[in-house]
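One structure below.
Since this is a predicted model, take the numbers as computed values, not measurements.
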Amino acid sequence: MAREFQRGHKAKISDLTPGTDLYVGVQIAAPGLTFDISCFGLDANEQLSDDRYFIFFNQPKSPEESIQLLGAQSGDTESFRVTLDRIPAAIQKLSFTATLDGSGQMSQIGPGYIRIVAGGEEVVRYAFTGSEFTTERAVMLGDFYLKDVWRFAAVGQGFDGGLDALLKNFGGEVAEEEAPPAAAPAAAPGFAPPAQAAAPPAFGAPPAAQAPQPAPSFGAPPAPTPSPAPQQPMHAAPTIAAPLAPQTPQAPQAPSPYGQPHQPQQPQFGQVPGQGAPPAPPFGQQAPAPYGQQAPAPYGQQPPVGMPPGVPQGMPQGVPQGAPATGAGLQAALQPYKEAATGQRWTPQNQQLMRVDLTMGGSGVLARQGSMVMYQGKVDFGYKSAGFVGRAVGNATGQEMQLMRCTGRGQVFLAEEGSHLHPIELQGGAICVSAESVLAFDESLQYEVRRVEGHGIPGGALFTMQFQGTGTVIVKTHGTPVVLPVTPTTFADCNAVVAWSAASQVIVSTQVRLRRNAYPGHSGETVNLQFRGAPGNFIVVQPYEV
């Protein structure tokens with residue numbers, strides 16, 4: 001029986017099926033709308049570093065054929081064959097996506113799904129509906145990702161923009177559709193596979209006309225030749241060849257040979273992709289305007305009546321002639337700072353900003369009061385009371401946290417005073433973190449105040465927060481921390497240590513001596529924490545004292 005996944009659910013492929021030759025089927029439809037269903041083969045940085053692993057209608061298979069586009073069959077709008085043990089080591093994730101070809105939005109779709117079939121039996125299915133989306137034009141359905149072993153995650157994350165925007169999000173490049181196609185040295189893969197006189201491969205499933213039929217089975221005996229499926233209309237999707245942004249007049253660059261990856265170079269702040277950085281103007285002088293544009297008015301002078309500063313009549317500022325009104329230069333300048341939507345519940349946007357998707361995971365988030373900097377969607381913020389006992393314990397131990405509960409359907413961005421943020425995912429384990437260093441955590445985690453015994457200090461003790469269970473806790477540090485293994489001679493300043501493994505034994509070590517008390521002057525490092533534990537335990541120390 002197939003396992004029914006909800007958004008955010010994950011599982012090891014080995015827990016679903018022992019096989020590695022898998023069939024992936026996608027069903028998505030809406031009246032009057034056409035969809036492009038693709039698979040992105042991403043590297044460890046979740047970037048499309050090799051264009052040959054973008055599997056879509058114009059490129060139906062990867063070089064070693066570990067990923068193959070099969071077409072519509074067995075009631076699926078599109079289907080793929082994935083052979084996990086043949087995927088090269090450079091590919092760490094397979095992201096299956098659906099994008100609109102033409103007008104429309106994802107809220108118009110009916111009930112759909114993405115499913116995995118192994119050995120002729122459906123092992124997992126993630127179902128979704130249009131009510132889960134709004135104005136998005138693309139959706140990331142599910143991922144195969146390599147984390148020690150291959151795993152599957154039900155994503156269901158909407159994405160603004162179509163196939164072009166999704167391709168750019170994964171680091172790919174899109175050519176303008178108006179550009180005339182260059183003569184290729186070899187024939188590129190077509191939209192549909194060539195006609196076959198023999199029966200299709202045995203791993204193909206029977207057509208939808210014979211429904212209900214069993215799920216496809218790789219390696220089964222050849223079936224009778226089915227009637228040919230009707231050809232879908234030819235898509236006018238762009239080819240991965242050149243940047244979309246306009247370039248300065250220069251000699252055209254030859255496209256990369258087919259089958260070889262194209263390594264794009266990230267633009268600097270304010271630089272259009274494909275252009276070199278312009279020389280800086282002399283100090284006190286204004287930079288010259290781009291070719292074909294009017295220079296902005298000198299400082300202190302007003303432009304003509306009815307015109308924005310520096311904008312010639314009929315042309316936006318900073319945009320070459322013939323470019324769209326949105327401004328390619330502005331888009332290129334903001335590209336490095338765009339929102340990163342990876343389909344995960346917690347996603348760092350940069351070192352100081354964390355994004356949490358409340359539509360994934362099924363539980364709320366507890367965050368430090370006032371740490372929200374922006375949000376999108378329908379999100380409710382409520383006060384999280386610690387109760388009388390919790391307040392008393394927090395005041396007595398110094399581990400009190402003023403929290404708010406974030407619930408709803410949307411994305412919340414969290415930050416605090418520019419601190420560096422680090423997500424720590426717990427899979428049933430435990431970690432000790434000072435309350436001062438906690439920014440947010442999943443409500444599913446259990447937390448309590450833990451006492452650190454003090455030796456040599458009469459009645460003395462230190463306290464920390466212990467988090468345990470399954471979920472993520474966001475730890476904040478001042479600067480970049482260092483992680484050290486626990487050894488019998490590991491000591492740390494109690495004002496600089498941020499977190500440590502819960503299995504570590506922690507005691508207070510003092511260097512208080514009568515002579516130091518009797519005579520003035522000492523190092524100021526009289527109280528430290530000593531850590532002991534088995535191999536595998538660790539401590540996290542920041543380059544700052546609270």
Side-chain angles (χ1 to χ4, degrees), residues 1-17 19-30 33 35-42 46 55 67 69-70 72-82 84 93-100 106-134 136-147 149-159 166 205 208 212 214-216 341-347 357-363 409 411 444 470:
M1 179 181 296
R3 291 177 56 180
E4 296 289 342
F5 271 27
Q6 302 295 326
R7 178 186 295 182
H9 282 188
K10 306 174 184 178
K12 296 179 181 179
I13 297 297
S14 57
D15 293 341
L16 303 174
T17 174
T20 59
D21 197 358
L22 306 177
Y23 171 96
V24 180
V26 175
Q27 205 284 328
I28 185 170
L33 299 183
F35 295 88
D36 294 327
I37 302 174
S38 312
C39 176
F40 291 84
L42 309 177
E46 298 190 359
I55 309 304
I67 315 167
L69 187 70
L70 303 180
Q73 55 182 321
S74 294
D76 299 331
T77 309
E78 189 60 88
S79 60
F80 300 82
R81 183 183 185 181
V82 177
L84 294 177
K93 176 184 281 191
L94 303 180
S95 181
F96 294 91
T97 66
T99 57
L100 280 166
M106 284 297 172
S107 59
Q108 300 174 248
I109 65 175
Y113 60 79
I114 179 173
R115 63 172 181 158
I116 301 176
V117 178
E121 179 182 358
E122 183 176 314
V123 295
V124 67
R125 175 185 290 244
Y126 162 53
F128 53 86
T129 63
S131 61
E132 302 177 24
F133 311 105
T134 54
E136 297 95 334
R137 292 178 42 78
V139 59
M140 292 179 280
L141 302 172
D143 293 341
F144 287 97
Y145 64 100
L146 187 60
K147 187 177 180 182
V149 295
W150 281 103
R151 306 166 187 253
F152 174 73
V155 179
Q157 175 65 45
F159 191 91
L166 194 60
T342 62
Q344 305 296 327
R345 178 171 170 87
W346 295 92
T347 305
D357 191 343
L358 298 178
T359 61
M360 305 177 63
S363 62
R409 300 185 63 84
Q411 297 78 38
S444 59
T470 301

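- At least one side-chain heavy atom of Ile114 sits less than 4.5 Å from a side-chain heavy atom of Val24.
- In plain terms, the two heavy atoms of Phe80 and Ser38 that are nearest each other are CZ-C, 3.9 Å.
- For the pair Phe128/Val139, no side-chain contact is recorded, criterion being any heavy-atom separation below 4.5 Å from C-beta on.
- Of the possible donor and acceptor atoms, one in the side chain of Thr77 sits under 3.5 Å from a partner among the backbone N and O of Ile28.
- The shortest distance between side-chain heavy atoms of Gln108 and Phe133 does not fall below 4.5 Å.
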Audit row: Trp150, Val82, side chain to side chain contact (heavy atoms under 4.5 Å, CB included) steps and yes/no: CA-CA 12 Å; Trp150 281 103; Val82 177; over 6 Å; no

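- Looking at every heavy atom in both residues, Glu78 comes nearest to Ala72 through OE2-N, 3.9 Å.
- The only option from Tyr145, Tyr126, Phe144 that meets the ring pair (Phe, Tyr, Trp, His ring centres under 6.0 Å) definition with Phe152 turns out to be Phe144.
- The line from CZ of Arg125 to CZ of Arg115 is 6.0 Å long, rounded to the nearest 0.5 Å.
- Residue Ile109 holds its CD1 atom at 9.5 Å from CG of Leu33, rounded to the nearest 0.5 Å.
- For Ser444 (side chain) and Thr470 (main-chain N/O), a donor-acceptor pair under 3.5 Å exists by modelled atom type.
- The two residues Cys39 and Leu94 come nearest to each other via the heavy atoms SG-CB, 4.0 Å.
- If you take CD1 on Ile37 and CD on Gln27, they are separated by 8.5 Å, rounding to the nearest 0.5 Å.
- For Arg151, the salt bridge (charged side-chain N to carboxylate O under 4.0 Å, His left out) test picks out no residue, with sequence neighbours left out.
- Glu132 places a side-chain heavy atom less than 4.5 Å from the side chain of Arg7.
- Looking at Ser107, its side chain does come within 3.5 Å of a backbone N or O of Thr134 through a donor-acceptor pair.
- With rounding to the nearest 0.5 angstrom, the CG atom of Leu358 is 9.0 Å from the OG atom of Ser363.
- The main-chain N or O of Asp76 is never found under 3.5 Å from a side-chain atom of Ser74 such that the two would form a donor-acceptor pair.
- Summarising the geometry of Phe35 relative to Ala30, their closest heavy-atom pair is CE1-N, 3.8 Å, with the distance given to 0.1 Å.
- In this structure, the salt bridge (charged side-chain N to carboxylate O under 4.0 Å, His left out) partners of Asp143, at least two apart in sequence or on a different chain, are Lys93.
- Counting only heavy atoms from C-beta outward, the side chains of Phe40 and Leu166 approach each other to under 4.5 Å.
- For the pair Ala138 and Met106, the tightest heavy-atom approach, listed with the atom from each and the gap, is CA-CE, 3.7 Å.
- Note that CG of Asp15 and NZ of Lys10 are 14.5 Å apart. Values are rounded to the nearest 0.5 Å.
- Inter-residue side-chain proximity for Asp357 and Thr347 is flagged as unmet; no heavy-atom pair is nearer than 4.5 Å.
- Scanning all heavy atoms of the two residues, the minimum distance from Thr129 to Pro111 falls at CG2-CA, 4.1 Å.
- Residues Gln411 and Gln157 have side chains in contact (heavy-atom distance under 4.5 Å, counting atoms from C-beta outward).
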